[in-house]
Amino acid sequence: MTFAQDIADLILALRSAETGGLPFNGNGRGSCLTDHDEWMSVCFSKSEGLLDVPRLRNLWSKLRELPAIGNPEMSHKDLIPANLLVQNGRLAGVIDSGSFGPHCKKFF
């Protein structure tokens with residue numbers, strides 16, 4: 001098994017946890033894409049000359065319009081490299097789970 005498979009297995013395990021009836025709180029990481037329009041605008045502006053920003057803006061406009069599907073699922077919401085513990089090229093642990101909770105489910 002590879003590190004990438006470890007991450008995929010982790011995400012699937014987290015998403016399969018029961019929400020216990022907790023609703024999605026509607027903000028922050030894991031929120032619906034349209035909640036991030038302002039931040040994405042900043043990112044696009046700062047990426048001019050580095051990335052194909054018109055293409056990325058077009059993709060963002062399509063992704064943000066996708067409807068929510070199903071019920072909220074559990075998510076770590078802060079699964080960044082600094083929160084992953086790695087040993088011998090494998091995922092050994094995950095930290096900073098304070099934001100573990102339901103997230104808005106779109107297309108992922």
Side-chain angles (χ1 to χ4, degrees):
M1 191 178 303
T2 66
F3 179 71
Q5 186 65 53
D6 291 342
I7 297 292
D9 290 344
L10 170 67
I11 292 169
L12 287 172
L14 293 173
R15 288 187 177 182
S16 68
E18 291 294 323
T19 62
L22 292 172
F24 170 64
N25 67 8
N27 54 34
R29 291 182 177 133
S31 63
C32 294
L33 294 180
T34 53
D35 295 344
H36 301 283
D37 284 339
E38 186 176 330
W39 173 243
M40 289 304 297
S41 181
V42 169
C43 293
F44 292 140
S45 295
K46 291 185 175 195
S47 297
E48 292 287 348
L50 298 172
L51 302 171
D52 184 352
V53 173
R55 182 174 177 223
L56 293 172
R57 284 183 192 274
N58 183 49
L59 178 59
W60 178 254
S61 71
K62 291 177 182 175
L63 292 175
R64 65 184 296 287
E65 297 300 325
L66 291 172
I69 56 172
N71 297 317
E73 294 179 329
M74 296 297 279
S75 176
H76 184 282
K77 297 185 195 172
D78 199 15
L79 205 55
I80 61 172
N83 290 335
L84 302 177
L85 304 175
V86 180
Q87 184 176 30
N88 299 322
R90 300 292 306 276
L91 181 64
V94 181
I95 60 173
D96 192 15
S97 60
S99 60
F100 181 64
H103 77 102
C104 179
K105 194 168 135 186
K106 284 280 220 176
F107 55 91
F108 45 88

| task | Just do the side-chain contact (heavy atoms from CB on, under 4.5 Å) check on L85 and V94 with the steps written out, would you? | result | CA-CA 6 Å; L85 304 175; V94 181; over 6 Å; no
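The distance from atom CD1 of I11 to atom CG of D6, rounded to the nearest 0.5 Å, is 11.0 Å. Atom CG of L91 and atom CD1 of I7 lie 4.5 Å apart (nearest 0.5 Å). R57 contributes atom CZ, which lies 10.0 Å from atom SG of C43 (distance to the nearest 0.5 angstrom). Atom CG of L14 and atom CG of D9 lie 11.0 Å apart (nearest 0.5 Å).
Crowding of E38 atom CD: a count of heavy atoms from other residues, nucleotides or ligands under 6.0 Å not exceeding 12.
Hydrophobic clustering (side-chain heavy atoms under 4.5 Å, transitive across Ile, Leu, Val, Met, Phe, Trp, Tyr) groups L59 together with L50. I95 and V86 fall into different hydrophobic clusters, where Ile, Leu, Val, Met, Phe, Trp and Tyr side chains are chained together by heavy-atom contacts under 4.5 Å. Cluster membership for W60 and W39, using ILVMFWY side-chain heavy atoms within less than 4.5 angstrom, is not shared.
Of the possible polar contacts, none joining the S41 side chain to the D37 backbone as a donor-acceptor pair under 3.5 Å is found.
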